[in-house]
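Working notes, beginning with the structure itself.
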Amino acid sequence: MVPDPLKQRLTSAWSVLSRQPLVLVAVISGSAFILLFLGWLASDQRDLSHAGSRPSLLELLDQVSKEKGKYIEEAPSNTPPGPPRARSWTSPLARQCSGIDPSVRSRLEALERNRKAWRKALPIDPTNYGERHKRDAFGQALDITPRLVVMHETVYSMTSAINTFLTPHPRDEDQVSYHTLIGQSGKVVDLVDPINRAYGAGYSSFLGEWAITNKRFKGSVNNFALHVSLETPANGANNESRHSGYSDAQYDALALVLSGWINSFNLAPAAITTHRHVDIGGERSDPRSFDWSALQVRLASLGDLCVS
C-alpha cells in the first residue's frame, strides 16, 4: 500500500501535470521514445548481452577517473605544460587500389542502402559530451577539426554502455562517451554528433598532440578525435589480454562508419588508431583482438585506401 504522504504527493503531481497538457505530452513522449529505442536494441541483444546483473559501465568509471597521471595534483598553473612525448604510429592499414573483392563491395553497398534498418541515433545525457573547445584552458587557439579516429571496445554489453551514457554525470571525472557504438549484431547507435566532443579518452595524445581544456586535468585527444566502440563478446568481460574477437557484421558496420567519417572530414586512413595507442598512462588495451586485415579488406573495397 502507498503511504498516505506519498500518495498525496503523487496525486498533487498528477493534478499539476493534468493542468499543463503540453508538459504531460512531453514527459510521455520522451519516455516512449526511450522505451521504443531500447526495444529496437534489445530485439537481437537478448542472446548477446553479457552484462548479467552488472548495473552498467559505471563500474569502470572509478578506474577511468583514476587513470595514472590524469590529474594535475598541484594547484593549476597559468602556464601551459610542455607537449607530451610523441609516440610514433605506423598504421596497419596499407594503401590498396587493386585486388578488390567485388562481393565485399556489393555487400557493403547493399548494407549502406538499407542503413535505416541497422543504424539509429540516440541522444545521450548532455553531461556526457560537450562542444569542441576553440581555445584551450590557457587561451590558446585550438583546431577543432576532427582529424583522428580512436577505436575502443565496451568490455561489457552494448546495452550496459548505453545505460551509462543515458545516466547524468555532473562531475567531470565521471563523464564518458563515444560518438558511435557498434553491437555484435552489426547494429549501430550514434550517440554524439561528430561536430561535438565525446569523452572517450582521458590522459591521451596522438603524435605528440593533445588539448588541455581544463586546468585540473592533463591533456587528451578528445577535442579533435572521433570515438567509435565495438561491443565486446561475452568472453571478453574481463581484464584478459584477448578474447574471441568481433563479428563479421561488426567489421562491416565499422567500415561503413569509418568510410563516412573519412569522406566527411577528409581523414587519412593512417589517422585511425586505438585507445591503447593514444593512452599515455599505459592502462588501456582496447580494442583487444582487433583484426586489422578484416578492416583492410572492407575499406579497400569502398575505395578508401587508394590514397597517396
Side-chain angles (χ1 to χ4, degrees), residues 29-45 48-67 70 118-132 146 149-202 204 213-214 217 220-223 225-233 236-237 246 250 253-254 257 261 274-275 278-279 284 286-287:
S29 299
S31 301
F33 172 76
I34 295 298
L35 289 173
L36 284 172
F37 177 83
L38 291 178
W40 171 82
L41 182 65
S43 64
D44 59 6
Q45 288 284 316
L48 296 175
S49 175
H50 48 274
S53 60
R54 300 183 182 91
S56 72
L57 288 179
L58 290 170
E59 294 180 342
L60 299 179
L61 288 176
D62 283 341
Q63 181 181 355
V64 170
S65 66
K66 294 174 183 177
E67 286 179 351
K70 179 178 179 180
W118 54 270
R119 190 168 187 176
K120 306 288 183 183
L122 176 67
I124 62 174
D125 190 87
T127 60
N128 290 317
Y129 68 94
E131 294 183 354
R132 297 186 188 271
V149 175
V150 181
M151 298 190 297
H152 306 255
E153 66 174 299
T154 61
V155 181
Y156 299 137
S157 74
M158 189 173 181
T159 301
S160 175
I162 289 173
N163 287 339
T164 295
F165 305 145
L166 292 173
T167 302
H169 294 112
R171 297 195 315 160
D172 288 349
E173 50 266 50
D174 294 338
Q175 294 160 349
V176 59
S177 59
Y178 310 119
H179 289 94
T180 296
L181 275 174
I182 302 176
Q184 286 182 270
S185 68
K187 283 193 173 181
V188 172
V189 182
D190 293 308
L191 302 165
V192 178
D193 191 305
I195 66 171
N196 288 324
R197 181 170 55 105
Y199 306 141
S204 56
T213 56
N214 185 329
F217 301 97
S220 84
V221 300
N222 289 338
N223 207 55
L226 296 165
H227 297 280
V228 58
S229 187
L230 297 162
E231 181 182 25
T232 304
Y246 309 102
Q250 280 179 295
L254 176 63
V257 169
W261 288 347
T274 64
H275 194 186
V278 301
D279 175 49
R284 303 300 173 196
D286 57 316

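This one's a predicted model, so the numbers in the text were calculated from it and none came from an experiment.
N196 is listed as a side-chain neighbour of E131, based on a closest heavy-atom distance under 4.5 Å. Annotation: side chain of K187 is not in contact with side chain of V189 (no heavy-atom distance under 4.5 Å). The shortest distance between side-chain heavy atoms of T127 and Q175 falls below 4.5 Å. At least one side-chain heavy atom of R119 sits less than 4.5 Å from a side-chain heavy atom of D190. Using a 4.5 Å cut-off on side-chain heavy atoms (C-beta onward), F217 and E173 make contact. Contact check for H227 versus N222: side-chain heavy atoms found under the 4.5 Å cut-off. Using a 4.5 Å cut-off on side-chain heavy atoms (C-beta onward), P146 and W261 make no contact.
Considering every non-hydrogen atom in both W118 and G186, the closest pair reads CE3-O, 3.9 Å. Taking each heavy atom of Y199 and G130 in turn, the nearest pair found is OH-N, 3.3 Å. Between A201 and S220, the shortest heavy-atom contact is O-CB, 3.4 Å. Taking each heavy atom of P287 and H275 in turn, the nearest pair found is CD-N, 4.5 Å. Of all heavy-atom pairs spanning T167 and H169, the tightest one is O-ND1, 3.1 Å. P194 and R132 get closest at one heavy-atom pair: O-NH2, 2.9 Å.
Put simply, OG on S229 and CE on M151 are 10.5 Å apart, with the number rounded to the nearest 0.5 Å. Here the straight-line distance linking atom OG1 of T180 with atom NE2 of H152 works out to 11.0 Å at 0.5 Å rounding.
Taking the six-membered ring wherever Trp is involved, the centroid distance between the rings of F165 and Y178 falls below 6.0 Å.
For the side-chain contact (heavy atoms from CB on, under 4.5 Å) with L166, the lone residue among L122, L191, D125 that qualifies is L122.
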Working for side chain to side chain contact (heavy atoms under 4.5 Å, CB included), residues T164 and N128: CA-CA 9 Å; T164 295; N128 290 317; over 6 Å; no
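Judged by distance alone, the side chain of S204 and the main-chain N or O of V221 form a donor-acceptor pair under 3.5 Å. Side-chain N or O atoms of T232 include none that pairs as donor or acceptor with a backbone N or O of Y156 at under 3.5 Å. E231 contributes no side-chain N or O that, together with a main-chain N or O of L181, makes up a donor-acceptor pair within less than 3.5 Å.
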